[in-house]
> 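Dumping the structure here so I can ask a few things about it.
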Amino acid sequence: MTMNQQLKQGNYITQAWLVILLALLYGSALAGVHVGLSDRIEHNKRNEIYSQIPNLVPDAVQEKTQEKTVQGLDGKTTIVYQACDAKGQCIGWVLRGSGQGFADRIELLVGIDPTLSSITGMYVLDQKETPGLGNYITDPERFQNQFATKKIDPPLVVVKSDPDPQHEILAITGATISSESVSDTVNKTIANLKQPILDLNR
Amino acid sequence: MAASEPTALERFINGILPENPVFRQLLGMCPVLAVTNGMKPAMTMAAATASVLICANIIISLIRGFLKPHLRILVFTLTIATFVTITDRFLAAYVYTMSKQLGPYVPLIIVNCLIISRCEICASKQRVSVAIADAVGMSIGYALPLACIATVRELLGSGTWFGCPVLAESWWPRWGIMVLPPGGFLVLGILLATSEWYTHRRAARAGM
């Protein structure tokens, strides 16, 4: 190594030592925060799912819920929630699904009956749709409640007026794309997990 | 040069009105427009920005003697990004619903020019006590316009304040536009015009 190169290397460290030191310190601080808080954050998410189970499957008791791991038709392993009543009897399933919305991914939960023939509820977990239009997909009265009466087969269709009570979803005015994204995601989630769940019961 | 630098008190007062970040410097416009459709998200955003600004100012002021001119922006960004990530995790852990509602706007505090400008203008040149006073002043100066805009938008758009019903729906039709992005632009524009008009009028009176 020549004298010149050594000088240059020394120079590099004198220039950048603060950046390197800070990067190390900040990195460990972030790691510490992550270790300290990640359990709590995960817990918050789980709580939100569990708190919705009684709304998605009528008469379900939060504490009796069982988590089952299934492999969807898309090959991915997913957790599904088996909703049970106070006696521990299985009275339905809660599935978690996600799909592209108008602005960003929409994450939702679907409740279905134990025979997997009809939907018992729908809840949007996470969305970034247009405030005042698309974000009404999170509104129970305006949108979410209508899913509770629908049949699974054939898949849901979005219409702009006079929805059929069993197969059609009434779109939110001014937010047809958001409405369609939600009903598509519901259809896909059910199609993906229906057979694996039926196989579980065997 | 050192003698002409503002004192802690001057820094503090400057941030609130004379050099108000929103009305005078027009910094940090993204959250001003995006999260002011309600008081709760607006105040959470103001608190998150304040915590990042105060922490970043303290650290930069402590290490100001070691800063190399050509590496300083890198150090500022590194510091700000770290505190923003920490703030984001804390929000997700302790105010989960609010963190969900703010979505990407909390990580976006990293690119809020208000913070890096305070590191550059004050914290990298002055001692810690002045840097803290500056950060607190600027934080208040940032929270006030957010509160103004959010109050107007939430009252007119949803009839509530901090989520509590104020205007009954029976006699106050909801102005949907106030909750939507155009409402943010409208209210900000009107407030900016008012503050300009007031400043000019005061200057004109002082001139007479």
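Residue numbers start from 1 in every chain, and the chains themselves are labelled A, B, ... in the order their sequence lines are given, proteins ahead of strands. Just the heavy atoms: all of them, side chains too, but no hydrogens, waters or symmetry mates, feed the values below.
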> Is B/F185 atom CZ crowded by more than 12 heavy atoms from other residues, nucleotides or ligands, each under 6.0 Å away?
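Not more than 12 within 6.0 Å, no.
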> Just to verify, what does B/R127 make a salt bridge (Lys or Arg N to Asp or Glu O under 4.0 Å) with, not counting sequence neighbours?
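Result, salt bridge (Lys or Arg N to Asp or Glu O under 4.0 Å) vs B/R127: none returned.
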> Checking heavy atoms, do the side chain of A/E48, its backbone, both or neither come under 4.5 Å from chain B?
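Contact with chain B: side chain only.
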> Answer with side chain, backbone, both or neither: which region of B/L74 has an atom nearer than 4.5 Å to a non-hydrogen atom of chain A?
side chain
> A side-chain contact here means heavy atoms from C-beta on lying under 4.5 Å apart; do B/L67 and A/L18 qualify?
yes
> Does A/L125 offer a backbone N or O that forms a donor-acceptor pair with the side chain of B/K100 under 3.5 Å?
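Between the backbone of A/L125 and the side chain of B/K100 there is a qualifying donor-acceptor contact (under 3.5 Å).
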> Under 6.0 Å from the NZ atom of B/K40, do we count more than 12 heavy atoms belonging to anything else shown?
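Atom NZ in B/K40 is not crowded, with 12 or fewer foreign heavy atoms closer than 6.0 Å.
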> For residues 161-172 of chain A, which side-chain N or O atoms pair as donor and acceptor with protein atoms under 3.5 Å away, sequence neighbours left out?
from, atom 1, to, atom 2, distance (Å)
A/D164, OD1, A/Q166, N, 2.8
A/D164, OD1, A/H167, N, 3.0
A/E168, OE1, A/D164, N, 2.9

> Let me confirm one number: the CD-CG distance from B/Q101 to A/N135, rounded to the nearest 0.5 Å.
9.0 Å
> Could you tell me which residues satisfy side-chain contact (heavy atoms from CB on, under 4.5 Å) with B/A92, sequence neighbours excluded, listed by chain and number?
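With sequence neighbours excluded, B/A92 shows a side-chain contact (heavy atoms from CB on, under 4.5 Å) to A/I41, B/R89, B/S99, given in chain and number order.
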> Check whether more than 12 heavy atoms from other residues, nucleotides or ligands sit under 6.0 Å from atom NZ of A/K160, and answer yes or no.
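Atom NZ in A/K160 is not packed in, count stays at 12 or less.
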> What distance separates B/T82 OG1 from A/L25 CG, expressed to the nearest 0.5 Å?
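Between B/T82 OG1 and A/L25 CG, I get 9.5 Å after rounding to 0.5 Å.
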> Measure A/V19 against the heavy atoms of chain B and call it side chain, backbone, both or neither at under 4.5 Å.
both
> In residues 61-99 of chain A, which residues are in contact with chain B at a heavy-atom separation under 4.5 Å?
none
> Any donor and acceptor pair, going by atom type alone, linking the side chain of A/N44 with main-chain N or O of B/Y96 inside 3.5 Å?
no
> Please flag which part of B/I59 lies under 4.5 Å from any non-hydrogen atom of chain A: side chain, backbone, both or neither.
side chain
> Once you round to the nearest 0.5 Å, how far does CG of B/L71 lie from CG of A/L22?
11.0 Å
> Give, as side chain, backbone, both or neither, the part of B/S158 having an atom under 4.5 angstrom from any heavy atom of chain A.
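Contact with chain A: none, neither part.
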> Kindly compute the distance separating CG (B/L78) from OH (A/Y26), expressed to the nearest 0.5 Å.
6.0 Å
